[in-house]
Amino acid sequence: MSNRPASQPAPRRRRPWLTPEKEGAAAPQPTSSDGAKLNVCLFNSDDPRGGKIGGTSTYVRDFITYLPNDIRLLLIAPDEIGDLDPGAINQVVFRNRQIDFLPLYRAPTAYNEYPASIAASETFKFARALVGHWTQLRPLLRRGSYSVEVRRVELSPIVWSFGRPFIQMVHVWGPKDQPMSSILGRHTVLRGILEAFAATTAARFFSVNPQMTAMYKRVFPWAARKMATLTTWADPSTFRPSPFDLTEDKIRLAYVGRADKFKRLDLVFEIVARLADIAPAPVELHYVGDGDLTSIPGYARVSSLVVNHGVLRPAEIAAVWQTVHIGLLTSEFEGMPRALLEALSCGRPVAALHLPQLETVISHGLSGALVPRSASPVLEMAAAILELYAGIRSGRIEPARVAESIDAFRPEPLLGEVYAEHRRLHQRRPAIQELERWRLARRLQTSVRRLQGQYEA
């Protein structure tokens, strides 16, 4: 959120030449005071100023935070605050950075929703709004020579139709037999078609871990050369290591994340209950996230041990990590869980069920524990937590050393790769030049044949 007081809304200026009434007008060109800035457009189905949590929302917020001076950003999204002119470009200050914001519609503040059908999903509502504003957005993006970025493969056909090169991001993928909150994840044929379309038409295709990248290269070999891994990160300016609070002998655990079914909060509660039975000290679970905990199996048994913080801002989440000892992760699958990286960045080890991508950041007994998956991993997870807690109290596990485990997962170099890709999209790529030469040669051949036919006649 902006540091500006609530009584002083972020300054904005309506640009009448970009309203729907004058949608055919040319997009504004960078002024001399701006320098030769490159126009980049992000499509996002929620407002970064709102309260939604998760990897994609954090990505957009950090994209704005670290935006380099040579890029001018246009964000196309819903307005969840209600302070913007719909259908027009507004100038908004977010995290002390000024961006252009084109809200397609007014939406309620989006916390995480779990719809029962595709038509009720947030992404579908956003896609419908994109189609409704197509005649405004296509000329705006083309005349402004924007490069485009999108995080949902569901939107790739619409984004492609705008006629501008785009970067496709995929943040999470799960097999069809796993519990998913994503509606598209339950329709595997449709998901496969949209992934194939995005892989074919995108200028660059990023997935969040090497395993996903390898899978996509295997499934879509014709697009393998444009595929790469862009992992997630933790912002060290917010998530900093701090000493453990050992003033009392109490095992403080934390779960930070959404209440998605594949996150297996039921398993978290089962682990906490088992730990409370065998631990030599009291146990406390700090929950940061959305959802109705009372609806999750096993919560009633541990409700007296849970501190429910609800949805928090990043600085508030960092403050929670300072008060606890160990993080928990029990997901069936993940891309690269940002909450885990943020916990490690705060110097807090994490006990997690094994996922291959976690091997790069979790060293057993130093920065956490990876517990093998099994039909009933509860006892093994509880034992791993007790081992980590003993290491914390003995001084063997140190916050600074835990934080060092994710030195490679910082926003500046990783986002720098994305900014560099946008810069390349604003250059005339050799492939495009080669295609244009081929088209010119075909036109020349056709012209020569026509001339020969005229002479022969």
Side-chain angles (χ1 to χ4, degrees), residues 45-46 52-59 110-118 120-123 151-154 169-192 194-195 207-212 215-216 231-232 253-272 285 287-299 302 311 327-343 350-359 361-362 368 370-378 380-381:
S45 58
D46 62 87
K52 189 171 183 180
I53 60 175
T56 57
S57 301
T58 303
Y59 175 91
Y111 293 98
N112 297 67
E113 298 177 351
Y114 305 97
S117 66
I118 289 178
S121 70
E122 179 184 280
T123 302
R151 267 147 301 286
R152 300 283 187 183
V153 296
E154 302 96 302
M169 301 279 185
V170 181
H171 285 263
V172 69
W173 191 95
K176 64 181 180 179
D177 59 342
Q178 299 288 4
M180 294 187 70
S181 61
S182 167
I183 294 296
L184 187 64
R186 305 172 202 166
H187 300 270
T188 52
V189 173
L190 177 60
R191 180 177 69 178
L194 291 170
E195 287 173 337
S207 46
V208 78
N209 64 54
Q211 292 77 24
M212 288 173 61
M215 177 199 69
Y216 281 125
T231 188
T232 53
L253 311 173
Y255 170 88
V256 177
R258 303 189 305 271
D260 289 310
K261 292 181 180 179
F262 73 88
K263 300 284 189 178
R264 293 302 307 273
L265 279 172
D266 59 316
L267 193 56
V268 170
F269 297 147
E270 193 174 349
I271 292 166
V272 171
L285 173 66
Y287 176 81
V288 179
D290 59 356
D292 178 14
L293 296 185
T294 62
S295 66
I296 299 174
Y299 175 72
V302 298
V311 176
L328 298 179
L329 183 74
T330 54
S331 302
E332 296 283 357
F333 55 88
E334 287 280 358
M336 189 61 174
R338 193 179 298 270
L340 176 140
L341 298 179
E342 291 173 349
V350 176
L353 289 180
H354 182 270
L355 291 170
Q357 62 269 37
L358 303 186
E359 296 174 3
V361 293
I362 292 184
L370 284 180
V371 175
R373 292 184 177 273
S374 64
S376 180
V378 174
E380 291 83 356
M381 280 286 288

Non-hydrogen atoms of Q357 and G335 that approach each other most closely: NE2-O, 2.7 Å
Pairwise side-chain contact, D260 with S331, heavy-atom cut-off 4.5 Å (strictly under): no
Over all atoms of both residues, closest heavy-atom pair of G291 and A259: CA-CB, 4.1 Å
Reported CD-to-OG distance for the pair E270 and S376, which is rounded to 0.5 angstrom: 6.0 Å
Closest contact, heavy atoms only, P377 versus P372: CB-O, 4.3 Å
Any side-chain heavy-atom pair of L355 and N209 under 4.5 Å: no
L285 side chain reached by V302 side chain, heavy atoms, under 4.5 Å: no
Contact check, side chains of Y216 and V170, non-hydrogen atoms, under 4.5 Å: yes
Partners meeting side-chain hydrogen bond (donor to acceptor under 3.5 Å, both in side chains) with Q211 (sequence neighbours left out): none
Closest approach of E380 to V371 (non-hydrogen atoms, all atoms of both residues): CB-CG1, 3.6 Å
Separation between OH of Y287 and CZ of F269, rounded to the nearest 0.5 Å: 7.0 Å
Any M336 side-chain heavy atom under 4.5 Å of V361 side chain: yes
Minimum heavy-atom distance between R258 and D290, given as atom pair plus value: CA-OD1, 3.4 Å
Contact check, side chains of L358 and V350, non-hydrogen atoms, under 4.5 Å: no
From OG1 (T58) to CZ (R338), nearest 0.5 Å: 5.0 Å
Flag side-chain contact, heavy atom, 4.5 Å: T330 against M381: yes
N/O donor-acceptor pair under 3.5 Å between R373 side chain and H354 backbone: yes
Where A339 and V256 come nearest, the two heavy atoms and their spacing: CB-O, 3.3 Å
Residues in side-chain hydrogen bond (donor to acceptor under 3.5 Å, both in side chains) contact with S57, at least two apart in sequence or another chain: D46
Partners meeting side-chain hydrogen bond (donor to acceptor under 3.5 Å, both in side chains) with T231 (sequence neighbours left out): none
Check: V268 and I296 side chains under 4.5 Å, non-hydrogen atoms: no
side-chain contact (heavy atoms from CB on, under 4.5 Å) between L329 and L353, intermediate numbers included: CA-CA 6 Å; L329 183 74; L353 289 180; over 6 Å; no
Salt bridge E334-K263, side-chain N to carboxylate O under 4.0 Å: yes
Residues that T232 engages under side-chain hydrogen bond (donor to acceptor under 3.5 Å, both in side chains), provided they are two or more places apart: none
Pairing residues for S295 by the side-chain contact (heavy atoms from CB on, under 4.5 Å) criterion, not counting sequence neighbours: D292
